[in-house]
Participant: 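One structure follows; several queries about it will come next.
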Amino acid sequence: WSANHEPKRLAANGPSLPKDAWIPVTVELIGKLACVQIGDKYQVQVADDSYAAEKTIVGVSFHHGSLQLRNFSVSQATAK
């Protein structure tokens with residue numbers, strides 16, 4: 001969330017997702033760094049102090065459609 005409590009759009013410039021295909025999407029939060037990868041051609045990294053804060057809720061939203069998750073995991077990682 002921003003200082004005005006608005007969501008941060010990390011992959012706003014990412015590719016459109018086809019309606020009837022599964023596209024792998026990875027979101028990693030490690031310390032102050034967030035990395036979003038969509039398919040094999042789009043990746044963005046954003047640094048923000050808020051990413052290092054303890055999390056109690058994780059949400060995913062998008063403009064339209066429905067969300068289905070496969071092979072989903074939340075894990076604690078150590079920055080390399």
Side-chain angles (χ1 to χ4, degrees):
W1 298 98
S2 71
N4 297 325
H5 299 287
E6 295 179 13
K8 294 179 182 178
R9 300 178 61 203
L10 300 181
N13 296 322
S16 297
L17 298 175
K19 188 173 186 176
D20 296 321
W22 282 95
I23 304 298
V25 175
T26 303
V27 179
E28 294 181 280
L29 297 170
I30 300 175
K32 297 179 182 182
L33 184 65
C35 179
V36 177
Q37 183 168 345
I38 301 173
D40 59 358
K41 296 183 177 158
Y42 179 83
Q43 183 174 0
V44 63
Q45 292 184 352
V46 179
D48 190 294
D49 289 339
S50 68
Y51 301 145
E54 184 174 322
K55 308 290 185 280
T56 57
I57 298 173
V58 176
V60 177
S61 63
F62 53 98
H63 182 67
H64 65 288
S66 62
L67 175 67
Q68 296 180 356
L69 301 174
R70 291 186 190 175
N71 301 322
F72 181 83
S73 66
V74 175
S75 59
Q76 183 173 346
T78 305
K80 296 178 183 177

Participant: Just to verify, what does D49 make a side-chain hydrogen bond (donor to acceptor under 3.5 Å, both in side chains) with, not counting sequence neighbours?
Facilitator: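 Result, side-chain hydrogen bond (donor to acceptor under 3.5 Å, both in side chains) vs D49: K32.
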
Participant: Closest heavy-atom contact between A34 and Y51?
Facilitator: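 Smallest interatomic distance, heavy atoms only, reads CB-CE1, 3.6 Å.
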
Participant: What pair of heavy atoms forms the shortest contact from Y42 to A11, and how long is it?
Facilitator: OH-CA, 3.8 Å

Participant: Kindly determine whether L17 and I38 satisfy side chain to side chain contact (heavy atoms under 4.5 Å, CB included), including the steps that lead there.
Facilitator: CA-CA 9 Å; L17 298 175; I38 301 173; 3.7 Å; yes

Participant: Indicate if V44 and L33 have the same hydrophobic cluster label, given that clusters are the connected sets of ILVMFWY residues with side-chain heavy-atom separations under 4.5 angstrom.
Facilitator: no

